[in-house]
Amino acid sequence: MTTLTSVESSLRTRPVPVGPDLVIGGQAVVLMAGPCAVESYEQTRAAAEAVCRAGGKILRGGAFKPRSSPHSFQGLGRAGLEILRAVADEFGLRVITEALAVEHVPLVAEYADIIQVGSRNMQHFPLLWAVGETQTPVLLKRGLMSTVQEWLLAAEHIAHRGNHNIILCERGIRTFETATRNTLDTNAIALARQLSPYPVIGDPSHATGRADLVLPAARAAIAAGADGLLVEIHPNPAAALSDADQSLPLGAYPEFVRQVGKIAAAMGRTVE
Ligand code: PEP
Ligand code: MN
């Protein structure tokens, strides 16, 4: 792998268009926010309204959930995709949602503007090939135990099939530390931006697992050069069916956006 200087690499960043008027990997830091999982129409609509009011453009929400336990909520499937699309359209938002399996790809591509490949699936090569055969932007999360090189090679699997609309996402890795859910690897954000032509975003929610650490981790990600953030927000975090501890209440989101805006400004960037 060739190492580039940050100046060379920033010239090389390949912005990913998401619809006609939005790019990831351009001048603006792009925020994607919403619940971990789509639980109901009301819950998702409330989150979408908060995203829209805060000036956001992209709504997140899982319809197919990769849960450690088979006894946990697994997502609403197709019904979840329908809810996401309906509320996103009501507020003029784009949608990012996960395809958990190869057979989900055509269905998810019908509803989503960005297909998420989750951390546990980073080296699920048939899934990478399947999303690589679409032209839909793909957000590739780093595996929780994967090296930067393995992550970038996984992105190459997608590109090799013809889809270069790739966004990399650092979502925290597993380390010896157990005080937080994962460890945000800011080194990897900076390094992936140097080594790869693809935009890199940070996920401070999964990286920390704690709502009170989401803002500091988000600030660090932007300071390390992230082109965007993926953040979990929920109308009633205590009642969330997944990732309750790391979800920001909707009321906290406008201030979160203001605060990350200050770091973006210090980096010469705006927030979208
Ligand atoms: C998610 O975004 O809700 C998710 C399951 O993420 P990850 O794959 O990073 O665990
Ligand atoms: Mn989650």
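Remember, it's 1-based here, ligands and their atoms both numbered in the order they're listed. In what follows, residues are counted from 1 in the order of the sequence shown.
- Where the criterion is an N or O separation shorter than 3.5 Å, residue side chain and backbone included, Asp243 fails it with respect to ligand 1.
- When hydrogens are left out, the protein atom nearest atom 4 (C) of ligand 1 is His206 NE2, 3.5 Å; that is the closest non-hydrogen contact.
- Here Asp203 pairs with Lys141 in a salt bridge; the nearest charged N to carboxylate O distance falls below 4.0 Å.
- Nearest protein heavy-atom contact of atom 8 (O) of ligand 1 is Ser119 N, 2.8 Å.
- Contact annotation: Gly62 has no heavy atom less than 4.0 Å from any atom of ligand 1.
- For His206, the N, O or S atom closest to the Mn ion (ligand 2) goes by the atom name NE2.
- Contact between Tyr41 and Val87 at its shortest, heavy atoms only, is CE1-CG1, 3.6 Å.
- Aromatic ring pairs are classed by plane angle as parallel below 30°, tilted from 30° to 60° and perpendicular above 60°; the pair His157 and Trp129 is tilted.
- Heavy-atom contacts of Lys65 reach the following atoms of ligand 1: 1 (C), 3 (O), 5 (C) (cutoff under 4.0 Å).
- Of all atoms in ligand 1, listed by their number and element, those nearer than 4.0 Å to a heavy atom of Gly118 are 8 (O).
- Atom OE2 is the N/O/S atom of Glu232 found closest to the Mn ion (ligand 2).
- Restricting Asp243 to its N, O or S atoms, the one at the least distance from the Mn ion (ligand 2) is OD2.
- We find that Arg45 and Glu42 are not joined by a salt bridge, their nearest charged nitrogen and carboxylate oxygen being 4.0 Å or further apart.
- Here the heavy atom of the protein found nearest to atom 2 (O) of ligand 1 is Arg60 NH1, 2.8 Å.
- Within the listing of ligand 1, atoms 3 (O) sit less than 4.0 angstrom from a heavy atom of Cys36.
- Distance check, rounded to the nearest 0.5 Å: CZ of Arg171 to OG of Ser205 gives 11.0 Å.
- The one candidate from Ile189, Leu168, Asp185, Leu152 that meets the side chain to side chain contact (heavy atoms under 4.5 Å, CB included) condition with Arg142 is Asp185.
- Comparing Gln246, Arg67, Arg171, Lys141 by heavy-atom distance to atom 6 (O) of ligand 1, the nearest is Lys141.
- Of the heavy atoms in Pro66, only side-chain atoms (C-beta onward) come closer than 4.0 Å to ligand 1.
- Between the Glu170 side chain and the Gly172 main chain, a donor and an acceptor come within less than 3.5 Å of each other.
- When atom types are taken as modelled, the side chain of Arg181 and the backbone of Thr208 share no donor-acceptor pair closer than 3.5 angstrom.
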Stepwise side chain to side chain donor-acceptor pair (under 3.5 Å) check, Asp243 with His206 | CA-CA 8 Å; Asp243 289 348; His206 294 87; 2.9 Å; yes
